[in-house]
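Structure first, commentary second.
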There are 2 protein chains.
Amino acid sequence: MKLSDSIENFIKTLLAEDSPEVELKRSELAEYFGCAPSQINYVLATRFSPDQGYITESRRGGGGYIRIVRVVQTGSQRLMYLINERIGESISEMESARLIQQLMEQQVVTVREAELMRAAISAQAMSVPVPDAIKNAFRARMMKTMLLTIARQNRGQGGGANV
Amino acid sequence: MKLSDSIENFIKTLLAEDSPEVELKRSELAEYFGCAPSQINYVLATRFSPDQGYITESRRGGGGYIRIVRVVQTGSQRLMYLINERIGESISEMESARLIQQLMEQQVVTVREAELMRAAISAQAMSVPVPDAIKNAFRARMMKTMLLTIARQNRGQGGGANV
DNA sequence: CTGGATATGGTCAAAGATAGTCAGAAGACC
DNA sequence: GGTCTTCTGACTATCTTTGACCATATCCAG
């Protein structure tokens, strides 16, 4: 089997047994698989992206780590639809706002949370001199990451949202 | 491997038990943790700065000491300070995360709101090929816009958080 | 008093420890 | 052979730890 697949499986096994999240050291994992450390980043980018329902965080320096959080269980159609189809690689402010409005109406997010999301992707927040195309790419990624975060929170508390 | 975290926890435990303030000796603490005394300054600078809601005082010479005090501030004061003075034109992910963490600890925002903001300014959300300097400019504007939204919400309803 | 000795804490730059990025090499698959 | 995926290595960015040198109190001998 290919290296990337092995690493992917290894991490997914950890995620299955332990909890919905694992923390590991890039350098150790790379050594374990006898590959370049950057290989790990490749695996994270291609197998554990938001599009696939994962959130990753990391820290450099002494005591650094990589944390991977699984958010969707295979089958959360609605969330994946939003993330992959509705949002995709690029989304405008208007379109984002409509989506956020819907989430609020469906009580997936509170009014305050909706306002916060709107603020984050607003033109005002993004009034930095870069092309609109780039801004829309930013919006898309931000929306996806925020959605996954909400979904992650909902899980576990049974807190009234059906993403 | 994470000496700084240990020292941070140690001090926070003291702060939790005793009072909103502790006094300690830099040299003793350093000896206790078997590290260089200047390590303590690093911890103070990165974990007990005004950003995190602490102020520190100290005195040199015989009978010298370091005192750490947890600051109490209303939510709106804090928000205004962050928006008008602290954030500025550019801010890193880690700095932002610390500010958000503090707002959560002071219950100015809920856990979900904090996670949402963290998600919005995370490296993953901003993994678009533009220079870091631009990303940090984005972060600053996004943070200010989001915090302003929170401030507005608080003013309107006085609800949910510590205004 | 006064000035040096002693006792602390502060600063900063450099070294150490991790992780990230990206261009191009190497493979795999039509 | 062409193209897409995988893999690597050199370079970069970020976080931590230390050590040499600096600053400021307190104490004490004279």
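Note on naming: letters A, B, ... go to the chains in the order of the sequence lines (proteins, then strands), and numbering restarts at 1 for each one.
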Check: Mapping Ser27(A) and Ile66(B) onto DNA chain C by nearest heavy atom, which one lands closer to the 5' end?
Finding: Ile66(B)

Notebook entry, point to check: Atom CD of Glu95(B) and atom P of dA13(D): how far apart are they, to the nearest Å?
Noted result: 17 Å

Item checked: Most 5' of Lys135(B) and Tyr65(B) on DNA chain C, judged by nearest nucleotide -> Tyr65(B)

Check: Does one side chain, of Ser122(A) or Glu93(A), offer a donor that lies under 3.5 Å from an acceptor on the other?
Finding: no

Next item on the list: Specify the separation, in whole Å, of atom CG of Leu29(B) and atom C1' of dG9(C).
Entry: 13 Å

Next item on the list: Nearest whole angstrom, please: distance from the C1' of dT18(C) to the CD of Glu31(A).
Entry: 14 Å

Next item on the list: Taking only heavy atoms on the protein side, list every residue of residues 35-52 of chain A lying under 4.0 Å from any atom of DNA chain C, sorted numerically.
Entry: Ser38(A), Asn41(A)

Checklist line | Distance-only donor-acceptor check, side chains Gln124(A) and Ser127(A), under 3.5 Å | finding: no

Check: Within this structure, what is the CZ-to-C1' distance between Phe33(A) and dT8(D), rounded to whole angstrom?
Finding: 17 Å

Note to self: Students often mix this up, so state it plainly: with edges at 30° and 60°, are the rings of Phe10(A) and Tyr32(A) parallel, tilted or perpendicular?
What the structure shows: tilted

Next item on the list: Quickly work out the Glu93(B) CD to dC15(D) C1' distance and round it to whole Å.
Entry: 13 Å

Check: Taking NZ, NE, NH1 and NH2 as the nitrogens, is one of them in Glu115(A) or Arg118(A) under 4.0 Å from a carboxylate oxygen of the other?
Finding: yes

Check: Applying salt bridge (charged side-chain N to carboxylate O under 4.0 Å, His left out), which residue pairs with at least one partner in residues 60-69 of chain B are found, sequence neighbours left out?
Finding: Glu21(B)-Arg67(B), Glu23(B)-Arg67(B), Glu57(B)-Arg67(B)

Notebook entry, point to check: If only side-chain N and O atoms of Lys2(A) are considered, is one of them under 4.0 Å from the OP1 or OP2 phosphate oxygen of dT5(D)?
Noted result: no

Next item on the list: Provide, to the nearest angstrom, the distance between the CZ atom belonging to Arg59(A) and the P atom belonging to dT18(C).
Entry: 12 Å

Check: Does Ser58(B) have a side-chain nitrogen or oxygen under 4.0 Å from the phosphate oxygens OP1 or OP2 of dT8(C)?
Finding: no

Notebook entry, point to check: Over how many whole Å does the gap from Arg67(A) atom CZ to dA19(C) atom C1' extend?
Noted result: 15 Å

Check: For the base of dG10(C), is there a side-chain donor-acceptor partner from Arg26(B) under 3.5 Å away?
Finding: yes

Margin query: Please compare Met94(B) and Gly34(B) by the position of their nearest nucleotide in DNA chain D and report the one closer to 5'.
Written below: Met94(B)

Next item on the list: Look at the side chain of Gln39(B) and the backbone N and O of Ala30(B), then say whether any donor-acceptor pair between them is shorter than 3.5 Å.
Entry: no

Note to self: In this structure, how many angstroms lie between the P atom of dA25(D) and the CZ atom of Arg60(B), rounded?
What the structure shows: 7 Å

Next item on the list: Would you indicate what Gly61(A) reaches in the nucleic acid, counting non-hydrogen atoms under 4.0 angstrom: base, sugar-phosphate, or nothing?
Entry: base

Checklist line | Pairs where residues 6-15 of chain A contributes a residue and the test salt bridge (charged side-chain N to carboxylate O under 4.0 Å, His left out) is met, not counting sequence neighbours | finding: Glu8(A)-Lys12(A), Glu8(A)-Arg47(A)

